[in-house]
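Structure first, commentary second.
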Amino acid sequence: MGQCGVISSKTVLVFLNLIFWAAAGILCYVGAYVFITYDDYDHFFEDVYTLIPGVIIIAAGALLFIIGLIGCCATIRESRCGLATFVIILLLVFVTEVVVVVLGYIYRAKVQDEVDKSISNVFQQYNSVSPDSASRAIDYVQRQLHCCGIHNFSDWEKTPWFIEAKNNSVPLSCCKETAFNCTGSMSRPGDLYSEGCEALVVEKLQQIMMYVIWAALAFAAIQLLGMLCACIVLCRRTRDPAYELLITGGTYA
């Protein structure tokens with residue numbers, strides 16, 4: 001019965017190592033997604049420490065790939081040293097992912113305050129004649145999130161750009177995709193996005209943090225199972241050096 005448990009643990013462990021390789025790619029993708037999205041929204045959220053969870057999760061993904069390689073070799077060869085190394089590194093990655101979850105929750109809570117502090121200033125800098133990075137960021141966000149202004153399109157009336165233009169219009173990025181011949185005129189509010197950008201930017205950034213948190217939690221759970229299986233094999237290998245090998249079906253002396 002105990003022998004069956006060991007063989008089952010080894011089989012599960014080999015399968016989990018294959019999952020670790022897939023997980024490594026997914027974690028790196030999630031981390032890269034954090035960086036790409038931050039680059040699109042960095043004018044609205046200037047705290048670069050928000051990237052820390054992304055950096056950590058990419059590092060964890062790279063380490064997880066190495067872990068998968070070590071784990072496969074150690075499990076198949078029944079290496080006591082390899083399995084011990086595998087468990088230790090897996091434990092370190094597990095702790096790292098717990099840190100990612102904690103940091104994710106911390107920065108998710110800070111998003112609202114950070115966006116509140118910066119978004120008004122960004123809109124005040126808007127210039128459609130010679131657009132800078134802030135102006136391009138506003139146009140990008142309004143098109144992508146289907147929003148206009150901070151709380152609604154009337155917020156544009158308080159900006160230097162609107163006052164200087166004197167044409168009672170908002171940027172064309174406020175026009176709905178379905179609006180025909182839209183000029184951004186406030187006299188045709190039905191052509192403009194009615195929802196403000198602040199709430200949607202906050203929602204988007206918090207959503208990204210939740211992706212990071214859920215990815216870290218999911219793979220941390222898989223790693224716990226991996227550590228459990230490795231410990232079962234390692235303990236059996238230490239107590240009884242003559243048990244069935246995974247591949248050959250022989251005994252290890």
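Scope of the values below: all heavy atoms of this structure, side chains included, with no hydrogens, waters or symmetry mates.
- The 12-atom threshold is not exceeded at CD of E203, counting heavy atoms of other residues, nucleotides or ligands nearer than 6.0 Å.
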* Checking side chain to side chain contact (heavy atoms under 4.5 Å, CB included) for the pair S120/D155: CA distance, chi angles, key distance, verdict? -> CA-CA 9 Å; S120 179; D155 292 324; over 6 Å; no
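- Residues T96 and A60 come closest through the heavy atom pair CG2-CB, 4.4 Å.
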* To do: Decide yes or no on side chain to side chain contact (heavy atoms under 4.5 Å, CB included) for T159 and Y126, but give the supporting numbers first.
  => CA-CA 8 Å; T159 63; Y126 186 81; 5.9 Å; no
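- Between W161 and F123, the distance separating the two ring centers is not shorter than 6.0 angstrom.
- Using cut-offs of 30° and 60° for the angle between ring planes, the W21 and F65 rings count as tilted.
- A continuous path of hydrophobic side-chain contacts links Y107 to V98 [ILVMFWY only; heavy atoms under 4.5 Å].
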* To do: Take L90 and L64 through the test side chain to side chain contact (heavy atoms under 4.5 Å, CB included) and record every step on the way to the result.
  => CA-CA 8 Å; L90 205 56; L64 206 53; 4.3 Å; yes
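- L192 contributes atom CG, which lies 10.0 Å from atom OG of S173 (distance to the nearest 0.5 angstrom).
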* Step by step, work out the side chain to side chain contact (heavy atoms under 4.5 Å, CB included) result for R143 and D139. => CA-CA 6 Å; R143 287 194 181 99; D139 285 331; 3.6 Å; yes
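- Interatomic distance, CD of E97 versus CD1 of I222, reported as 9.0 Å (0.5 Å rounding).
- Heavy-atom neighbours of K176 NZ from other residues, nucleotides or ligands within 6.0 Å: above the threshold of 12.
- Side chains of S187 and S185: a donor on one and an acceptor on the other come within 3.5 Å.
- Rounded to the nearest 0.5 angstrom, Q125 CD and I138 CD1 are separated by 7.5 Å.
- When the side chains of ILVMFWY residues are joined at heavy-atom separations under 4.5 Å, either directly or via intervening members, Y105 and V100 end up in two distinct hydrophobic clusters.
- Atom CZ of F35 has more than 12 neighbouring heavy atoms from other residues, nucleotides or ligands inside a 6.0 Å radius.
- Of all non-hydrogen atoms in C174 and W156, the two that sit nearest each other are SG-NE1, 3.7 Å.
- Residues S135 and N127 are in side-chain contact: their nearest non-hydrogen atoms beyond the backbone lie under 4.5 Å apart.
- If you take NZ on K204 and CE on M209, they are separated by 13.0 Å, rounding to the nearest 0.5 Å.
- In this structure, F162 is not a member of the same hydrophobic cluster as Y193, with clusters built from ILVMFWY side-chain heavy atoms closer than 4.5 Å.
- F219 and V95 are not part of a single hydrophobic cluster, where members link through side-chain heavy atoms under 4.5 Å apart.
- The nearest pair of heavy atoms linking G61 to A24 is O-CB, 3.0 Å.
- L92 and V102 are assigned to two separate hydrophobic clusters, defined by single-linkage of ILVMFWY side chains at heavy-atom distances under 4.5 Å.
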* To do: List the steps and the verdict of disulfide (SG to SG under 2.5 Å) for C148 and C197.
  => CA-CA 6 Å; C148 185; C197 293; over 6 Å; no
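- In this structure, the separation between OG1 on T183 and CG on N168 is 10.0 Å, given to the nearest 0.5 Å.
- Annotation for L172 and C182: closest pair CD2-O, 3.8 Å, computed over non-hydrogen atoms.
- Annotation: side-chain contact (heavy atoms from CB on, under 4.5 Å) contacts of L217 (sequence neighbours excluded): V101, I213, W214.
- Residue I57 holds its CD1 atom at 9.0 Å from SG of C28, rounded to the nearest 0.5 Å.
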